[in-house]
There are 2 protein chains.
Amino acid sequence: MARKPGSRSDITGPRIRAAARRLFARHGFAAVSMRQIAAEVGVQAGALYLYTPDKETMLVDLLKDHMDELIVAWDAAAPGGGPLERLQAFVRFHIAFNLDHADAVFLSYMELRNLGPENFAVIEGLRRDYENRLEAILTAGQGTGLFAVPDTKLATMAIIAMLNGVNTWYREGGRLSRAAVGDIYWDMVRKAVAA
Amino acid sequence: MARKPGSRSDITGPRIRAAARRLFARHGFAAVSMRQIAAEVGVQAGALYLYTPDKETMLVDLLKDHMDELIVAWDAAAPGGGPLERLQAFVRFHIAFNLDHADAVFLSYMELRNLGPENFAVIEGLRRDYENRLEAILTAGQGTGLFAVPDTKLATMAIIAMLNGVNTWYREGGRLSRAAVGDIYWDMVRKAVAA
DNA sequence: GTCTATAATGAGATAGAC
DNA sequence: GTCTATCTCATTATAGAC
């Protein structure tokens, strides 16, 4: 026997990526074998090497795609207006995007240590690009006297960490809707940076 | 040859735990082999099984000890006084303790997925015990009208996540001292929960 | 594009010597 | 309490058939 009837690389490729993302996030990069990924997709382990040169490249591609998508999505969603409106939009966007991409977000924070130095630098650079967009909002508000943050760099890190935390406890269908969570976090962020 | 001259279990035990904690935090539980841990300590892999029945037990013992130590340390450090004083103390304590136990903190958030359900429940229970101490402070302040948090549960999670974030960027000898970081985060937390 | 088969390596854990 | 040696099994990755 040879190739499976009906196999198509433009279908198998995305399915491999989705399975790898899910399994890496659930069990950790090192704990997941190529065999597990292949089994999840319904192919043999050797077939994965038609789509990636090795396991680490699979991971770094997932992370890079995720960070690219994040930045593109924010740049498309970011409103004009004053710092307060832009900050509110950022808070709501970040929570919503993270919940929609929980596995990728988790990976992008937890599995950086499995990357070689050059791949690590690429992902970290993309993350900084994204964080700089938030810091720019804080700096703008600081300039007009609207915000009073003791340190825009730390405030950026604090806000991102706080918002990322939502992913650790939020469950769909739980006590609070996504919109309600957005309201509550926006209230806390707004007050934290207020003059 | 047999046992090494001068070997002592009360020295080797702690060294094994320290090596495992460091290596698990750096590379991830699944990525670290028993041979690596043994090499770090200077014993053979087989010797590790004198101290632990298996690898997962090594991990869960590290996590349990860490959470116990955290709760004991806070209960010893927690001041009396009003909610504002207690909240300030909590912020500064949490940042300092986390920086002093960075590897264990990282493990306690990242490697829970490598635990069986019963071990997982134990660690999660301890974490909730700790978080409840913060929530009690917020509830007390809420009751006297000193704080105005829209949801004490979410505020608890938000504050912890924000403070935990310090560990991801803080470097000893960097731009800011620990005390300065404590000041800045306290400023943001104070405003975020203020009435 | 997927298969089977296999190479090369390393894993967790155990047995028994000293 | 640590050693060497070993069992058993899984791993990543490749080769070549179809």
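Convention: sequence-line order gives letters A, B, ...; per-chain numbering from 1. This one's a predicted model, so the numbers in the text were calculated from it and none came from an experiment.
Salt-bridge annotation for A/R127 and A/E124: present, with a side-chain N of the basic residue lying under 4.0 Å from a carboxylate O of the acidic one.
Nucleotides of DNA chain D nearest to A/S33 and A/G46 differ in position, and the one nearer the 5' end is that of A/S33. If A/Q36 and A/P53 are placed on DNA chain D by their nearest nucleotide, the residue sitting closer to the 5' end is A/Q36.
Applying the 4.0 Å criterion to OP1 and OP2 of C/dT2, one finds that A/T12 has a side-chain N or O inside that range. The phosphate of C/dG16 has neither OP1 nor OP2 within less than 4.0 Å of any side-chain N or O from B/Y49.
Contact annotation: side chain of B/R35 to base of C/dG12, donor-acceptor pair present below 3.5 Å.
Taking the six-membered ring where tryptophan is involved, the planes of A/F90 and A/W74 are perpendicular, since the angle between them exceeds 60° and thus also 30°. Between B/W169 and B/Y185, the two ring planes are parallel [angle under 30°; tilted spans 30° to 60°].
Of all nucleotides listed (C/dA13, D/dC3, D/dT2), C/dA13 comes nearest to the side chain of B/D54.
At whole-Å resolution of the value, CG in B/N114 and P in C/dG12 are 12 Å apart. In this structure, the CE atom of B/M34 is 14 Å from the P atom of D/dT2, given to the nearest Å. In this structure, CD1 of A/I16 is placed 11 Å from C1' of C/dT2, rounded to the nearest angstrom. Atom P of nucleotide C/dG12 and atom CE of B/M58 are separated by 10 Å, given to the nearest angstrom. Going from atom CD of B/E56 over to atom C1' of C/dA13 covers 15 Å, rounded to whole Å. Per the geometry, CG belonging to A/L50 stands 13 Å off C1' belonging to D/dA15, to the nearest Å. A straight line from CG of B/L48 to P of D/dT4 spans 14 Å, rounded to a whole angstrom. At whole-Å resolution of the value, CG in B/L59 and P in C/dG12 are 13 Å apart.
Atom NE2 of A/H94 is separated from atom CG of A/L99 by 9.5 Å, given to the nearest 0.5 angstrom.
The side-chain heavy atoms of A/E111 and A/Y109, taken from C-beta on, include no pair separated by under 4.5 Å.
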